[in-house]
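Starting from 1, each residue takes its place in the sequence as its number.
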Amino acid sequence: QAFERLDKDSTLFAQTQSLEQAVSEAKGIMDKGQGNYSAASWKAFCEAYQKACEASKTVIGYDLAAALSKLNTAKNGLTTGTAAQALRAPTGVKAVSKPTGDVVVTFQKVEHASSYDIYRQSVKIASVTGTSYTDAKAPAGKSSTYTVIAVSSDPNYKNSAASAGAGVTMLKKVTKLKVKAQKGGAKITFKKVKGAKKYLIYRASGKNGPYKKVKALKAKQTSFVDKKLKKGKYYYKVVVQKGKLYSPAVISKRVSVKK
């Protein structure tokens, strides 16, 4: 029994020494980083290295021979991968102002892209997984240019260059918007905007909508009474229109209507 125990201890010592040496050599590779190794082979090597480190420190309860074998297999399996390929820049980018006061940006899908970063005037404003984005905060009274960058979660690909820009012009928005409750309704007033052809009035029961258009006023009209409302709390927003151009929406304060 004594000889059997000694033999087991000698085997364990030898396995421990071999594993520690293999871990030390693997650490030298880890310290240099992935470099040109392929993503898949590098991931397998990192996982084997972590398990081998745990086994060499703890010993008891670990199959040292198996840990050593897996580490050596992963190290020998490291292969040089190709350099990350840049995604194709999104095409077909369009930015269109809508009667709701928003700007809708659309573009074509890019192969291998997992998401898209949306930029307005070179400033990132959103990240989306689909091929459209609605901007509710476009600046009033000026033109803006939107660009899109394709992003991939696959390490074999890197972000695309920025797309060609798509421009849109927003009209000046109304000022001094006021809403006052009346019996069974609400009166909306605002200051006239030079050059406006119409004012689109929307109503919602919550500040974030959804909003329903209730009236389109002519250029000279700057007030409107929304009648026959049910008792409740409402929000209004006003959008300036001139042809196919629109302003950002201006949202009123909440108004409480009583019967």
Side-chain angles (χ1 to χ4, degrees), residues 1-93 105-120 122-133 146-164:
Q1 292 181 346
F3 283 110
E4 184 179 347
R5 188 185 316 113
L6 180 61
D7 184 56
K8 288 183 178 179
D9 289 345
S10 298
T11 300
L12 180 62
F13 178 77
Q15 290 178 342
T16 303
Q17 288 291 96
S18 297
L19 183 59
E20 288 179 348
Q21 182 178 351
V23 167
S24 178
E25 293 174 356
K27 184 179 184 302
I29 298 175
M30 288 291 293
D31 289 343
K32 293 179 181 178
Q34 180 177 348
N36 291 325
Y37 292 125
S38 69
S41 67
W42 181 253
K43 180 181 179 181
F45 173 71
C46 290
E47 291 176 350
Y49 173 74
Q50 292 300 327
K51 291 179 179 179
C53 286
E54 293 174 6
S56 67
K57 292 177 181 178
T58 307
V59 179
I60 305 300
Y62 280 90
D63 186 339
L64 302 186
L68 176 61
S69 176
K70 289 180 179 178
L71 179 58
N72 285 332
T73 298
K75 184 176 72 172
N76 294 332
L78 285 171
T79 56
T80 302
T82 56
Q85 180 180 349
L87 293 175
R88 174 178 58 80
T91 57
V93 180
V105 180
T106 57
F107 47 90
Q108 297 296 314
K109 182 179 180 180
V110 175
E111 187 177 8
H112 302 299
S114 56
S115 62
Y116 303 90
D117 291 341
I118 313 297
Y119 289 77
R120 186 199 323 119
S122 301
V123 176
K124 181 180 174 181
I125 57 173
S127 181
V128 298
T129 55
T131 55
S132 67
Y133 171 69
Y146 292 83
T147 53
V148 183
I149 291 178
V151 179
S152 179
S153 57
D154 188 334
N156 292 312
Y157 294 90
K158 58 183 179 180
N159 294 0
S160 74
S163 69

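- Atom OH of residue Tyr133 and atom OG of residue Ser127 lie 10.5 Å apart, to the nearest 0.5 angstrom.
- To the nearest 0.5 Å, the span separating CG on Asp117 from OG on Ser163 amounts to 11.0 Å.
- Ser152 and Asn159 make their closest contact through N-OD1, 4.0 Å (heavy atoms, listed as atom of the first residue, atom of the second, distance).
- When side chains are defined from C-beta on, Ile149 counts as touching Tyr119, because their heavy atoms get closer than 4.5 Å.
- Between Lys158 atom NZ and Gln85 atom CD the span is 9.5 Å, to the nearest 0.5 Å.
- The nearest pair of heavy atoms linking Val23 to Cys53 is CG1-SG, 3.8 Å.
- In this structure the side chain of Cys46 reaches within 4.5 angstrom of the side chain of Met30, judged on heavy atoms.
- The two residues Ser114 and Ser153 make their nearest non-hydrogen contact at OG-N, 3.1 Å.
- At distances below 3.5 Å, not a single donor-acceptor pair connects side-chain atoms of Ser160 with backbone N or O atoms of Leu87.
- Classification of Lys75 and Glu25 as a salt-bridged pair holds, one side-chain N sitting under 4.0 Å from a carboxylate O.
- Nearest heavy-atom pair across Leu78 and Ser41 is CD2-O, 3.5 Å.
- Side-chain polar atoms of Ser115 and Thr129 form no donor-acceptor pair below 3.5 angstrom.
- For the atom pair Arg120 CZ and Thr147 OG1, the distance stands at 11.0 Å (nearest 0.5 Å).
- For the residue pair Gln108 and Gly92, the shortest heavy atom distance occurs at CG-CA, 4.3 Å.
- Scanning for ring pair (Phe, Tyr, Trp, His ring centres under 6.0 Å) contacts around Tyr157 gives His112, with sequence neighbours left out.
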Q: Take Thr106 and Ser132 through the test side chain to side chain donor-acceptor pair (under 3.5 Å) and record every step on the way to the result.
A: CA-CA 4 Å; Thr106 57; Ser132 67; over 6 Å; no

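- Once rounded to the nearest 0.5 Å, the distance linking CG of Leu64 with OG of Ser69 reads 12.5 Å.
- From Trp42, atom CH2 reaches atom OH of Tyr49 across 10.0 Å, with rounding to the nearest 0.5 Å.
- Side-chain rings of Phe107 and Tyr116 approach one another, their centers coming within less than 6.0 Å.
- Counting all heavy atoms, side chain and backbone alike, Ala26 lies closest to Leu71 at CB-CD1, 4.1 Å.
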